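Report on the following structure.
Sequence lines set the chain letters: A, B, ... in the order given, protein chains first and strands last, and positions in each chain run from 1. Bear in mind the structure is a predicted one, so any value in this text is a computation, not a measurement. Values reported hereafter were calculated over all heavy atoms of this structure, with side chains retained and with hydrogens, waters and symmetry mates removed.
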Amino acid sequence: MSNVNEIFEDFLKTNTIFKDKKILQSNYTPENIPHREDQINQIAKILAPALKLQKPSNLFVYGKTGTGKTLSVKHVLKKIKALSEEKSIPIQQLYINCKLKKIADTEYRLIAQLIRDLGKTVPTTGLPTDEIYKIFFNIIDERNQLFILVLDEIDQLVKKIGDEILYNLTRINSELTNSQISIIGISNDYKFTEYLDPRIKSSLSEEEMVFPPYNALQLQDILLSRSRCAFQDNVIEDGVIEKCAAYTAREHGDARRALELLRVAGELAERSGSEKLKIAHLDDADEKIEKDHMVDIVLNQPKQFQAVLYSILFCSKESQVFTGDIYNFYKNICSKSALRPLTQRRTSDIISELDMLGIINAKIISKGRYGRMRQISIALNPTTKSKIVEILEKDLNV
DNA sequence: GTCAATTCACATGAAAGAGACCACGGTCTAGTG
DNA sequence: CTAGACCGTGGTCTCTTTCATGTGAATTGACGA
């Protein structure tokens with residue numbers, strides 16, 4: 001019997017500690033959403049006019065990641081959908097997650113995606129942008145419906161392509177004769193609307209809601225209710241849920257992360273052959289999540305980014321590194337691995353993008369007469385770092 | 001010693017180019033009846 | 001006659017380059033005490 005078969009056989013023999021793992025996955029939508037009743041009711045109140053085909057106010061939802069914004073909105077929309085189908089009220093819902101690449105990178109793509117969601121095909125590129133607007137507009141208007149458009153992570157969208165698209169979308173109502181469209185924006189960033197054009201801001205946030213982070217007790221509740229369905233009985237040691245909740249509450253009260261932590265800890269426990277989920281697994285899971293996440297990010301970067309990152313990782317053996325050092329080293333790397341070196345201007349941008357990704361910390365300092373530059377340090381823990389260096393060395397063959 | 005001007009080494013912005021992708025319409029070509 | 005191959009044109013999109021301007025504090029050098 002081959003090795004792989006053994007692995008599979010073993011896997012089948014071990015009685016897994018999970019009952020239903022997908023309950024802990026981030027795309028799972030639970031039936032009831034604890035500690036969000038108020039918000040859900042409020043959303044329902046705001047959206048209720050839709051059922052009488054009156055346009056609901058545009059809604060703006062704020063809250064950190066993992067505070068249940070998307071979940072709550074989707075929950076309410078699901079109810080509306082069920083009701084509208086039952087009573088055949090012409091309401092159409094559109095949901096776009098602006099974070100997803102290739103969907104909401106540009107104005108064109110976003111509108112094209114909306115059109116596709118409405119069941120028409122449209123070229124992925126090649127048409128003028130105003131053409132695509134016209135198509136969208138016509139489809140909407142001829143349907144004679146009420147549209148609810150959800151733009152999740154709308155701050156990402158505006159950061160990438162500006163607020164013009166929002167202006168166009170909010171303005172579209174005044175030109176529609178048969179249909180109406182109301183917009184629900186979901187944002188992680190409290191300060192998001194500050195960057196917006198005041199006109200857009202006022203029309204977009206006719207109603208505003210804030211989702212506060214979960215506290216440790218609420219997180220415990222959530223974890224408990226989900227783990228009851230996700231795990232076999234009595235596999236979780238005492239204190240694990242509490243610790244997991246406390247862990248994440250201390251950071252941002254991100255329920256998604258708490259659930260991921262629990263899931264990964266479970267996987268680790270299972271893989272190590274343990275029959276119980278112990279606190280130690282939680283710590284391992286924490287590290288593993290970060291590592292996997294970072295490795296994933298790095299692998300998905302273009303070659304040039306990797307080269308710059310490698311230079312940074314290599315140079316940062318010394319205590320302090322600055323832009324200039326890195327650029328020089330980077331040029332070296334390029335000649336070694338047959339890359340065409342980019343200009344200093346571009347590498348500067350790459351460095352700040354790596355900073356945004358959380359792989360490095362870059363602080364702008366001024367050394368007076370000796371110039372102004374970024375002081376760069378690594379934001380990775382040592383095991384992650386060495387893993388990434390290893391990957392990059394292979395990728396760039398240096 | 002004090003204070004404004006200077007200076008460095010970049011950061012940051014704006015604009016535009018390069019090269020990839022794609023749609024569309026027109027033209028050419030080969031296969032069919 | 002017609003379907004499909006093959007162009008040219010005009011559009012988007014991403015990554016880059018080019019050119020221009022901004023920036024914070026150590027250094028400098030003039031000034032007055």
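- Annotation: A/Phe231 is in aromatic contact with A/Phe18 [ring centroid separation under 6.0 Å].
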| said: Across nucleotides 7-14 of chain B, 5' to 3', mark each nucleotide with B, S or - according to how protein heavy atoms within less than 4.0 Å reach it. | reply: BBBSSBB-
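- Contact check, A/Thr106 against C/dC13: a side-chain N or O comes under 4.0 Å of OP1 or OP2.
- Connectivity analysis of hydrophobic side chains (ILVMFWY, heavy atoms under 4.5 Å, direct or indirect) links A/Phe322 to A/Ile365, A/Met373.
- Rounded to an integer number of Å, the gap from NZ of A/Lys303 to P of C/dT16 is 13 Å.
- Remark: C1' of B/dG19 and CZ of A/Arg340 are 11 Å apart, rounded to the nearest angstrom.
- Rounded to whole Å, the distance from CZ on A/Arg346 to P on C/dC19 is 18 Å.
- Considering only residues two or more places apart in sequence or on other chains, A/Glu267 meets the salt bridge (Lys or Arg N to Asp or Glu O under 4.0 Å) condition with A/Lys21, A/Arg263.
- Looking at residues two or more places apart in sequence or on another chain, you find a salt bridge (Lys or Arg N to Asp or Glu O under 4.0 Å) between A/Lys243 and A/Asp283.
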Ignoring hydrogens and angles, write down the donor-acceptor pairs under 3.5 Å from the side chains of residues 251-261 of chain A, residues two or more places apart or on other chains.
unit_1   : atom_1 : unit_2   : atom_2 : d
A/Glu251 : OE1    : A/Arg257 : NE     : 3.4
A/Asp254 : OD1    : A/Arg256 : N      : 2.9
A/Asp254 : OD1    : A/Arg257 : N      : 3.1
A/Arg257 : NH2    : A/Asp286 : OD1    : 2.5

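- The side chain to side chain donor-acceptor pair (under 3.5 Å) test applied to A/Lys288 returns A/Asp292, not counting sequence neighbours.
- One atom, OH of A/Tyr108, and another, C1' of B/dC21, lie 12 Å apart when rounded to the nearest Å.
- In this structure, A/Asn300 places its CG atom 16 Å from P of C/dT14, rounding to the nearest Å.
- As a whole-Å value, the separation of A/Gln375 CD from C/dT23 P is 21 Å.
- Side-chain N/O atoms of A/Ser366 include none lying less than 4.0 angstrom from OP1 or OP2 on C/dT23.
- When the C1' atom of C/dT16 is taken as reference, atom CD of A/Glu353 falls 12 Å away, rounded to whole Å.
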